[in-house]
2 protein chains.
Amino acid sequence: MIQTDLIKGSLRTIVLKLLKENGRMYGYEITRKVEELTAGKIKLTYGALYPVLHKLESEGILITEQENYNNRIRVYYSLTEKGHSLVSEKIRELMEFIESLQGIVNPQTGPTYA
Amino acid sequence: MIQTDLIKGSLRTIVLKLLKENGRMYGYEITRKVEELTAGKIKLTYGALYPVLHKLESEGILITEQENYNNRIRVYYSLTEKGHSLVSEKIRELMEFIESLQGIVNPQTGPTYA
DNA sequence: TACATTATATAAACATCTTATATATTTTGG
DNA sequence: CCAAAATATATAAGATGTTTATATAATGTA
């Protein structure tokens, strides 16, 4: 598994992106989705995820709905209007960051002449 | 400029990668190189860089040589043997992380059918 | 019946980064 | 010639974000 130090700073954006794509999700589901999309390489810890979700909620970026499923409580999170208008910006920033990282780690990237 | 939150966790690897490529560098030079490689998008702060450099030195991953250039002291950093054997591993991890991020942010990536 | 999975949550400890501050020389532009 | 910008390193306080440990509880599986 990838050392999750690397995730620092991008967790918020990852959460927002997934919620944008999937409409609404609960915490556990988010961790599973990330594992799925990264072939098991990134595993979110709940100690990091839940504080982020709660903070996003307190900032008015997410809203929660509690539902009961098999006698277990599920807390669904979804984007507010404010959240929606923020996501694209955040994703763009993250993509720009990824490109920058590639510029450093992989500086020879460019047109390949055959 | 990209919010440097995102840099968290990858700063160490960035430094190691640059030192591997350029042999030896001084702190200021590293910040310039990162700006150059990222088209000004990533600007390292000295409050982040120097502690990282000092820590890497204390861990035996870097060694320093002080030189005088125009009455200004320059502290050159370069990889130790231990450092060299660590870099490839760290770079591989970072690249894997970048790929994983892309898997999340850009899930539709794949062959494009014209 | 025991273990794995599903599900949320918090607290303490730790790591890392930003911002502010300090110091000092050389180069450049007016 | 003088002021400002660039060059160069460094630390401390505060903020932020993450890991690890812990707690609770129901369902599914072997």
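So that the names make sense, note that chain A is the first sequence line, chain B the second, and so on, each numbered from 1.
Put simply, A:Y50 has a side-chain N or O that comes within less than 4.0 Å of OP1 or OP2 on C:dT8. Checking the phosphate oxygens (OP1, OP2) of C:dT18, a side-chain nitrogen or oxygen of B:T45 falls inside 4.0 Å. Checking the phosphate oxygens (OP1, OP2) of C:dT16, a side-chain nitrogen or oxygen of B:K55 falls inside 4.0 Å.
Among residue pairs with one or both ends in residues 20-54 of chain A, those qualifying as ring pair (Phe, Tyr, Trp, His ring centres under 6.0 Å) are A:Y26-A:Y76, A:Y46-A:Y50; sequence neighbours excluded.
Listed by residue number, the members of residues 23-31 of chain B with any heavy atom below 4.0 angstrom from DNA chain D are B:Y26, B:G27, B:Y28.
Comparing A:Y46 and B:G47 against DNA chain D, the residue whose closest nucleotide sits nearer the 5' end is B:G47. In terms of position along DNA chain C, the nucleotide closest to A:Y76 lies nearer the 5' end than the nucleotide closest to the other residue of the pair B:Y69 and A:Y76.
Looking only at side-chain heavy atoms (C-beta outward), B:Y77 and B:I63 stay at 4.5 Å or farther from each other. Using a 4.5 Å cut-off on side-chain heavy atoms (C-beta onward), A:S78 and A:L19 make no contact.
Atom P of nucleotide D:dT9 and atom CD of B:E67 are separated by 12 Å, given to the nearest angstrom. Rounded to whole angstrom, the span from the CD1 atom of B:I14 across to the C1' atom of C:dT16 amounts to 13 Å. If you measure from atom CZ of A:F97 to atom C1' of C:dC17, you get 13 Å, rounded to the nearest angstrom. If you measure from atom CD of A:E65 to atom P of C:dT8, you get 13 Å, rounded to the nearest angstrom. One atom, CG of A:L49, and another, P of D:dG17, lie 14 Å apart when rounded to the nearest Å. In this structure, the CD atom of A:E35 is 12 Å from the C1' atom of C:dT5, given to the nearest Å. Rounded to an integer number of Å, the gap from B:K43 NZ to C:dC17 P is 18 Å. For the pair A:L11 CG and C:dT16 P, the computed distance is 17 Å after rounding to whole Å.
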Under 3.5 Å, sequence neighbours excluded: what are the donor-acceptor pairs made by side chains of residues 65-72 of chain A?
unit_1 : atom_1 : unit_2 : atom_2 : d
A:E65  : OE2    : A:R24  : NH1    : 3.3
A:E67  : OE1    : A:R24  : NH2    : 3.4
A:E67  : OE2    : A:R24  : NH1    : 2.9
A:E67  : OE2    : A:R24  : NH2    : 2.9
A:N68  : OD1    : A:N71  : N      : 3.4

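With rounding to the nearest 0.5 Å, the separation of CD1 in B:I30 from CG in B:L44 is 8.5 Å.
Partners of B:E57 under the side-chain hydrogen bond (donor to acceptor under 3.5 Å, both in side chains) rule, at least two apart in sequence or in another chain, are B:T64.
The two atoms that bring A:K90 and A:T13 nearest to each other are O-CG2, 3.6 Å, heavy atoms only.
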### Task
Test salt bridge (Lys or Arg N to Asp or Glu O under 4.0 Å) on B:E59 and B:K55 and set out the steps.
CA-CA 6 Å; B:E59 289 171 4; B:K55 184 144 192 236; 3.8 Å; yes
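When heavy atoms are screened at a 4.0 angstrom cut-off, B:R32 is found touching the sugar-phosphate backbone but no base atom.
Under a 3.5 Å cut-off, the side chain of B:T80 and the backbone N or O of B:G60 do form a donor-acceptor pair. One N or O on the side chain of A:N22 and one on the backbone of A:L18 form a donor-acceptor pair closer than 3.5 Å.
Between B:E21 and B:K17 a salt bridge is recorded (basic side-chain N to carboxylate O distance below 4.0 Å). Comment: A:E29 does not engage A:R32 in a salt bridge, judged by the lack of any side-chain N to carboxylate O separation of less than 4.0 angstrom.
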Show each protein N/O and nucleotides 27-30 of chain D N/O combination with a separation under 3.5 Å, one pair to a line.
unit_1 : atom_1 : unit_2 : atom_2 : d
D:dT27 : OP1    : A:N71  : ND2    : 2.8
D:dT27 : O4'    : A:R72  : NH2    : 2.9

Tabulate protein N/O versus nucleotide N/O from nucleotides 1-3 of chain C, keeping only pairs under 3.5 Å, one per line.
none

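You'll find that the side chain of B:H54 is closest to D:dT11, out of C:dT6, D:dT11, C:dC17.
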